[in-house]
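Heads up: the structure comes next, in structure tokens.
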Amino acid sequence: MNAPIHARIALICLVIIALSACASSRVIDPAKQASLANIHYRLGIDALGKQGMLPKAFHELIKSNEILPDQPEVLDALAYAWLLRGDMKKSETFYLRAIRNHAGAATYNNYANLLNRLHRHKEAEKAARQALDDPRYPNQDLAFINLGDALAGQKKFKPAIAAYQEAMAFNPNNSIINLRMADAYASQGKLREARALYEMIFHKQQGNRVIVEGLLAVLKQQQDTIAAKTILNQFRQHTKAVLDKAWAENELERIDTP
């Protein structure tokens, strides 16, 4: 026997009310949602800075993005995580997503760094300049370094050196800047200026092979074998890496071979 029509209507209303109550109970308060997403983001950033914690960083950052999608700072961190993973394509994808979601100067600077790694120097120059368009960006030295690298990659050595000098004005203690300038001078054929910078930073970091290789290349061009042998012997004494010691010994043998 069919139930009276008014009874069926009442039953339907009760079901609708119940479903609505269930749906509303699943709605997360926006403030709590933002807070939870931020907690996962902070955990992810912390993991990014620790050796062997990259999977944990991915887990936390992806979780943050699931809770509150398209946060530019989270997308930026995911881009960096993919860079650490060695996947440049996915790294670029996330940097571009962050930029589309109104990321700030830091993301443009990070993207410029990636583009320099990819040898896309014209694009890197544009991204670095966009980072520098914001005078509030605290890491101006890093943006000028990326700009200098982008210009040097285009063989525009004079403006590249000017960019490195701007970086030095913001952070005189950053030894990377002097190394970049030395490289630029050497590429430009200004061996005296390059040698002076290489020697200055070598005396502070006598176990750094990158510095020694740059200085050694200049000394060979100047045909200063005595200085080259001195530098290699000092490096061999200070480096702790077995392969680097072997490299230095091999270079010394090559110098001594007529």
Side-chain angles (χ1 to χ4, degrees), residues 14-147 149-150 167 170-171 174:
L14 288 171
V15 170
I16 292 172
I17 292 169
L19 290 173
S20 298
C22 290
S24 63
S25 66
R26 290 196 296 268
V27 174
I28 302 175
D29 178 76
K32 290 182 180 179
Q33 186 181 27
S35 177
L36 185 59
N38 186 59
I39 289 170
H40 285 287
Y41 166 67
R42 294 297 174 189
L43 289 170
I45 290 294
D46 182 63
L48 272 179
K50 295 180 179 177
Q51 188 174 2
M53 295 286 284
L54 190 56
K56 170 70 172 176
F58 270 112
H59 173 80
E60 297 296 345
L61 293 169
I62 289 171
K63 186 67 177 177
S64 178
N65 192 53
E66 287 173 348
I67 295 169
L68 197 61
D70 293 332
Q71 307 164 79
E73 67 273 15
V74 176
L75 296 173
D76 180 278
L78 279 166
Y80 181 63
W82 280 113
L83 178 62
L84 293 178
R85 178 81 176 271
D87 194 325
M88 304 295 189
K89 186 175 180 180
K90 284 187 178 178
S91 179
E92 181 173 14
T93 296
F94 277 94
Y95 278 133
L96 290 174
R97 279 182 61 184
I99 288 169
R100 284 195 298 271
N101 283 278
H102 312 293
T107 296
Y108 279 105
N109 189 41
N110 293 336
Y111 186 40
N113 176 59
L114 174 66
L115 291 168
N116 276 325
R117 290 172 182 244
L118 294 171
H119 304 289
R120 289 159 55 186
H121 299 297
K122 286 186 178 180
E123 295 172 77
E125 179 186 351
K126 180 180 177 182
R129 291 190 187 281
Q130 285 173 299
L132 289 166
D133 280 343
D134 185 353
R136 299 166 299 176
Y137 179 48
N139 295 322
Q140 298 276 314
D141 59 322
L142 301 182
F144 274 113
I145 290 172
N146 280 322
L147 177 59
D149 291 349
F170 282 99
N171 188 356
N174 190 335

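For the single chain, residues carry numbers from 1 onward in sequence order.
For the atom pair CZ (R129) and CG (L147), the distance works out to 4.5 Å, reported to the nearest 0.5 Å. Atom CZ of F94 and atom NZ of K89 lie 13.0 Å apart (nearest 0.5 Å). Taking CG of N174 as the start and CG of L142 as the end, the distance is 7.0 Å to the nearest 0.5 Å. In this structure, the separation between OH on Y111 and CZ on R120 is 5.0 Å, given to the nearest 0.5 Å.
Under the rule for a side-chain contact (heavy atoms from CB on, under 4.5 Å), the partners of A143 that lie at least two apart in sequence or sit in another chain are N109, A131, L132, Y137. Looking at residues two or more places apart in sequence or on another chain, you find a ring-ring contact (aromatic ring centres under 6.0 Å, His included) between H119 and H121. Partners of Y108 according to the side chain to side chain donor-acceptor pair (under 3.5 Å) rule, which considers only residues two or more places apart in sequence or in another chain, do not exist here. Not counting sequence neighbours, the partners of D134 by the salt bridge (Lys or Arg N to Asp or Glu O under 4.0 Å) test are R136. With sequence neighbours left out, the salt bridge (Lys or Arg N to Asp or Glu O under 4.0 Å) criterion links R117 to no other residue. Scored by the ring-ring contact (aromatic ring centres under 6.0 Å, His included) test, Y41 finds no partners at all (sequence neighbours excluded). Partners of D141 by side chain to side chain donor-acceptor pair (under 3.5 Å), not counting sequence neighbours, listed by chain and number: N171. The side-chain contact (heavy atoms from CB on, under 4.5 Å) search around A98 returns L75, A103, T107, not counting sequence neighbours.
Of all heavy-atom pairs spanning A77 and I45, the tightest one is CB-CD1, 3.8 Å. The two residues P135 and D133 have their closest heavy-atom pair at CD-O, 3.2 Å.
Between F170 and N139, the closest side-chain pair of non-hydrogen atoms is not below 4.5 Å. Side-chain contact between M53 and L48: absent, with no pair of heavy atoms (C-beta onward) separated by less than 4.5 Å. N110 has its side chain out of reach of Y80: every pair of non-hydrogen atoms, C-beta onward, lies at least 4.5 Å apart.
Residue pairs satisfying the salt bridge (charged side-chain N to carboxylate O under 4.0 Å, His left out) criterion with at least one member in residues 70-88, sequence neighbours excluded, are listed as follows: D70-R97. Pairs engaging residues 40-52 under the salt bridge (charged side-chain N to carboxylate O under 4.0 Å, His left out) rule: D46-K50 [sequence neighbours left out].
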Using atom types as modelled, flag every donor-acceptor pair under 3.5 Å from a side chain in residues 54-64 to any protein atom, sequence neighbours excluded.
unit_1	atom_1	unit_2	atom_2	d
K56	NZ	E60	OE2	2.6
E60	OE1	H40	ND1	2.6
S64	OG	A37	O	2.8
S64	OG	Q71	NE2	3.2

